[in-house]
There are 2 protein chains.
Amino acid sequence: MLNTEMAEKLKLLGDKTRLTIMGLLKDKEWCVCDLVDILNMSQPSVSQHLRKLKAQGLVKETKRAQWVYYALDIEKDSYIQTILDALPDTESLLFLLKGEYTPCDCK
Amino acid sequence: MLNTEMAEKLKLLGDKTRLTIMGLLKDKEWCVCDLVDILNMSQPSVSQHLRKLKAQGLVKETKRAQWVYYALDIEKDSYIQTILDALPDTESLLFLLKGEYTPCDCK
DNA sequence: TTATCATATAAGTATATAATTATGTGAGAT
DNA sequence: ATCTCACATAATTATATACTTATATGATAA
């Protein structure tokens, strides 16, 4: 794979917030409002991180009702997947970030 | 593995220069003067990149005569190794950077 | 329609990072 | 001892990045 392209993707993953988002998305898709709540960050900040991940083709979005859901968009056998495999699972991430987590009302 | 620690390592790899260095080191150790020549960058700049890689335990250095050689310092089964596996091999990297390469006199 | 909610985007600011220039260090050669 | 050579470190500057505040959009609800 190309050097430059890899560096760009790795730079995106080299941010704690984005890496956490990717880790959460391993398990299931999440809407922006959930991520805002889990990460305890402003909505614009989360949206901007998601935009960057999407621009590099790491996530994809789906609009359903008034919510936008993000999901992983990576190949199972890629080096990206290996990185995500090495991350803590969703439950651990949620515990680290929130102590405990109850979802918002985007069912 | 810990979230934060992974993000720090990935951030280091998310730089074209450092990723190239890691790719070159896949094949064999290199001295600083060779890397300076190959990367076509100033010596202080290369040294600083190497220092960061070393600080995160990604490379190790050996001093022999007046030269300092750097080599990879990663576990074979780590996600880092998977990333490096996805990189172009040394020959491709050298061709991309130099067209062709003749080593300096640190034999 | 208007109001509200979820999200995106834009603009501004503060911090982090990479590169340059200048200088320090330590080993070998003379 | 002095002079280089290979490299490291420090200080500065320029650029990139993340976050905040403010605003826009588009869908739903009233």
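All heavy atoms count here, side chains included; hydrogens, waters and symmetry mates do not.
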Report task. Please report the closest heavy-atom contact between Leu19(B) and Asn3(A), naming both atoms and the distance. Result -> CD2-O, 3.6 Å

Query raised in the report: dA8(D) phosphate, OP1 or OP2: any side-chain N/O from Tyr70(B) under 4.0 angstrom?
Result: yes

Listing, residues 25-32 of chain B side-chain donor-acceptor contacts under 3.5 Å, not counting sequence neighbours, or none:
{"residue": "Lys26(B)", "atom": "NZ", "partner": "Leu84(B)", "partner atom": "O", "Å": "2.8"}
{"residue": "Lys26(B)", "atom": "NZ", "partner": "Leu87(B)", "partner atom": "O", "Å": "3.2"}
{"residue": "Glu29(B)", "atom": "OE2", "partner": "Arg64(B)", "partner atom": "NH2", "Å": "2.4"}
{"residue": "Trp30(B)", "atom": "NE1", "partner": "Leu24(B)", "partner atom": "O", "Å": "3.2"}

Query - From dT20(C), dG28(C), dT20(D), nucleotide with atom closest to Gln48(A) side chain - result: dT20(D)

Requested in this report: Could you check how far CD of Glu29(B) sits from C1' of dC7(D), rounded to whole Å?
Outcome: 16 Å

**Report entry** Between dA18(C) (P) and Asn40(B) (CG): distance, integer Å
**Finding:** 19 Å

Query raised in the report: What's the verdict on side chain to side chain contact (heavy atoms under 4.5 Å, CB included) for Val68(A) and Tyr70(A), showing C-alpha distance, side-chain angles and the deciding distance?
Result: CA-CA 7 Å; Val68(A) 178; Tyr70(A) 282 85; 3.6 Å; yes

Query raised in the report: Within the side chain of Ser92(A), is there an N or O that forms a donor-acceptor pair under 3.5 Å with the backbone of Pro88(A)?
Result: no

Requested in this report: For Leu50(A) and dT7(C), give me the distance from atom CG to atom P, rounded to whole Å.
Outcome: 10 Å

Report summary line: From the candidates dT28(D), dT20(D), dT7(C), the one with an atom nearest any side-chain atom of Pro44(A) is dT20(D)

Requested in this report: Measure from NZ on Lys54(B) to C1' on dT9(D) and round the result to the nearest Å.
Outcome: 13 Å

Query - Nucleotide dT7(C), atom C1' - distance to CD of Glu61(A) in whole Å - result: 10 Å

Query raised in the report: Taking atom C1' of dT7(C) as reference, at what distance in whole Å does atom CG of Leu39(A) sit?
Result: 15 Å

**Report entry** Nearest to side-chain heavy atoms of Ser42(B), which nucleotide of dT21(C), dC7(D), dA8(C)
**Finding:** dT21(C)

**Report entry** Length of the OH-C1' vector between Tyr69(B) and dA27(C), whole Å
**Finding:** 14 Å

Requested in this report: Name the nucleic acid region contacted by Arg18(B), choosing base, sugar-phosphate or nothing; use a 4.0 angstrom heavy-atom cut-off, strictly under.
Outcome: sugar-phosphate

Report summary line: By nearest-heavy-atom nucleotide on DNA chain D, the more 5' of His49(A) and Ser47(B) is Ser47(B)

Query raised in the report: Just how far, in rounded Å, is C1' of dT7(C) from CE of Met41(A)?
Result: 15 Å

Query raised in the report: Counting any heavy atom closer than 4.0 Å, what does Gln43(B) reach on the DNA or RNA strands: base, sugar-phosphate only, or nothing?
Result: base

Distance-only donor-acceptor pairs under 3.5 Å for side chains of residues 49-58 of chain A, two or more places apart:
{"residue": "His49(A)", "atom": "ND1", "partner": "Arg18(A)", "partner atom": "NH1", "Å": "3.1"}
{"residue": "Lys54(A)", "atom": "NZ", "partner": "Glu61(A)", "partner atom": "OE2", "Å": "2.9"}
{"residue": "Gln56(A)", "atom": "NE2", "partner": "Glu8(A)", "partner atom": "OE1", "Å": "2.8"}

Query raised in the report: Where the side chain of Ser78(B) meets the backbone of Glu75(B), is there a donor-acceptor pair that is under 3.5 Å apart?
Result: yes

Query raised in the report: How far apart are the C-alpha atoms of Tyr69(B) and Lys63(B), what are their side-chain angles, what is the distance that settles it, and do they pass the side chain to side chain contact (heavy atoms under 4.5 Å, CB included) test?
Result: CA-CA 6 Å; Tyr69(B) 293 86; Lys63(B) 193 169 272 179; over 6 Å; no

Query raised in the report: Between Lys52(A) and dA18(D), is there a side-chain N or O to OP1/OP2 distance below 4.0 Å?
Result: yes

Query raised in the report: Regarding Asp77(A) and Gln81(A), is there a side-chain donor-to-acceptor distance under 3.5 Å anywhere?
Result: no

Query raised in the report: Is Arg51(B) near enough to dT9(D) that one of its side-chain N or O atoms lies under 4.0 angstrom from OP1 or OP2?
Result: yes

Query raised in the report: Does any residue of residues 1-15 of chain B have a heavy atom under 4.0 Å from DNA chain C, and if so, which ones, in number order?
Result: Lys11(B), Asp15(B)

Report summary line: Ranking dT7(C), dC19(D), dA19(C) by distance to the side chain of Ser45(B), first place goes to dA19(C)

